[in-house]
Amino acid sequence: MRLDKYLVECGVGSRSEIKQILLKKLIRVNGKITISSKEHVDEFKDEIYFMEKKMEYKEFRYYIMNKPSGYITATEDKKEKTVMEILPEWVVKKDLSPVGRLDKDTEGLLLFTNDGKLSHELLSPKKHVEKIYEVHLENEISNESIEKLESGVIILDGYLTKPAKVEKISDLVINLVISEGKFHQVKEMLKAVNNKVIYLKRIKFGNLELNGLKIGEVIEINKENINIK
Ligand code: URA
């Protein structure tokens with residue numbers, strides 16, 4: 001692949017930035033300084049350094065964010081602030097998008113990847129990937145409501161939700177386990193049992209957990225860490 005393409009995919013910068021970096025003689029390929037963006041490199045064999053940093057080529061990248069409230073889950077928007085805008089500088093943004101969506105006021109686990117196939121699988125209704133939400137409620141939850149949530153409730157235009165699992169944490173807090181992702185699903189499910197969500201956080205997506213990741217923090221993970229089932 002061309003050296004400039006390689007460097008873009010390693011997150012060094014845009015093509016025009018890379019042109020400048022090359023002219024400043026900051027790139028070495030197998031020990032030799034190169035200034036040509038057109039040079040061809042073998043991404044798996046060649047040793048490529050940007051200043052003192054050895055480049056590591058990965059076709060697909062995976063990141064987990066603990067999403068803060070106040071940002072919409074979109075790659076761009078004219079009016080609202082998006083989750084893309086709060087990805088740290090070191091994240092390689094090329095072709096990256098969030099997997100699924102969390103509402104603007106929802107916090108918690110959001111996966112980002114440029115691996116379209118995996119993203120599709122994780123979102124496919126056929127895969128039944130479990131999501132766990134910590135749900136804070138306006139009104140105390142009754143046993144009757146828990147039973148209804150666990151057997152399925154009617155939301156939106158008459159859609160009957162699949163049976164969910166409810167873990168009661170306190171009278172006003174539950175963990176809700178669902179394996180579907182309808183629009184505003186958790187809020188709609190709680191509305192269907194005459195309650196209201198006042199705070200929502202996704203704490204688990206498939207096998208992925210926040211593991212102490214602070215609000216707004218992002219970590220890179222490997223594909224091997226993601227189990228669909
Ligand atoms: N369900 C909701 O209602 N909102 C979210 O952000 C995620 C699931």
Side-chain angles (χ1 to χ4, degrees), residues 62-77 79-87 96-113 118-141 145-146 148-170 172-211 213-218 226 228:
Y62 310 88
Y63 305 95
I64 292 177
M65 173 190 280
N66 186 348
K67 177 194 174 293
S69 167
Y71 297 87
I72 64 160
T73 310
T75 45
E76 54 181 21
D77 195 85
K79 284 192 257 147
E80 306 268 14
K81 291 178 286 179
T82 73
V83 287
M84 298 305 283
E85 294 169 38
I86 48 169
L87 286 170
L96 196 69
S97 29
V99 180
R101 64 186 291 281
L102 292 177
D103 294 338
K104 183 177 171 184
D105 58 354
T106 301
E107 293 182 356
L109 200 155
L110 189 59
L111 177 70
F112 292 77
T113 185
L118 184 88
S119 183
H120 187 76
E121 282 183 53
L122 287 168
L123 296 175
S124 163
K126 287 191 207 122
K127 297 281 178 185
H128 308 291
V129 174
E130 268 190 3
K131 291 142 222 158
I132 307 187
Y133 292 89
E134 180 184 310
V135 191
H136 293 228
L137 300 161
E138 189 170 82
N139 307 310
E140 290 184 7
I141 188 103
S145 294
I146 293 178
K148 282 188 185 159
L149 292 168
E150 290 194 321
S151 50
V153 288
I154 307 273
I155 60 165
L156 302 166
D157 301 329
Y159 176 78
L160 173 66
T161 60
K162 301 226 163 59
K165 283 178 236 154
V166 178
E167 186 195 355
K168 186 172 168 184
I169 308 294
S170 72
L172 291 170
V173 182
I174 57 168
N175 282 347
L176 183 68
V177 188
I178 56 173
S179 55
E180 332 171 75
K182 299 281 175 210
F183 191 57
H184 297 323
Q185 174 140 358
V186 176
K187 290 173 187 164
E188 290 295 330
M189 286 176 76
L190 271 300
K191 201 153 99 185
V193 293
N194 299 316
N195 212 319
K196 191 171 176 216
V197 174
I198 54 167
Y199 169 81
L200 187 59
K201 176 177 188 166
R202 183 156 66 190
I203 54 177
K204 200 163 174 203
F205 181 44
N207 68 311
L208 300 173
E209 295 183 71
L210 285 167
N211 288 330
L213 201 66
K214 296 199 186 71
I215 269 293
E217 270 184 359
V218 177
I226 308 171
I228 297 218

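Both counts, for ligands and for their atoms, begin at 1 and track the order of listing.
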Hey, which residues fall under 4.0 Å of ligand 1 on heavy atoms?
L102, D103, T106, Y133, H184, Q185, V186, K187, L200
Among side-chain atoms of Y199 and E107, is any donor-acceptor pair under 3.5 angstrom?
yes
Ion pair K104/D77, N-O distance below 4.0 Å:
no
Which pairs count as salt bridge (charged side-chain N to carboxylate O under 4.0 Å, His left out) when at least one residue sits in residues 190-209, sequence neighbours excluded?
E188-K191
With K81 as the cation and Y71 as the aromatic partner, state whether NZ or CZ is under 6.0 Å from the six-membered ring centre and within 45° of the axis.
yes
Looking only at the side chains, is there a donor atom on one of Y159 and E180 sitting less than 3.5 Å from an acceptor on the other?
yes
D103 vs K187 side-chain heavy atoms within contact, under 4.5 Å
yes
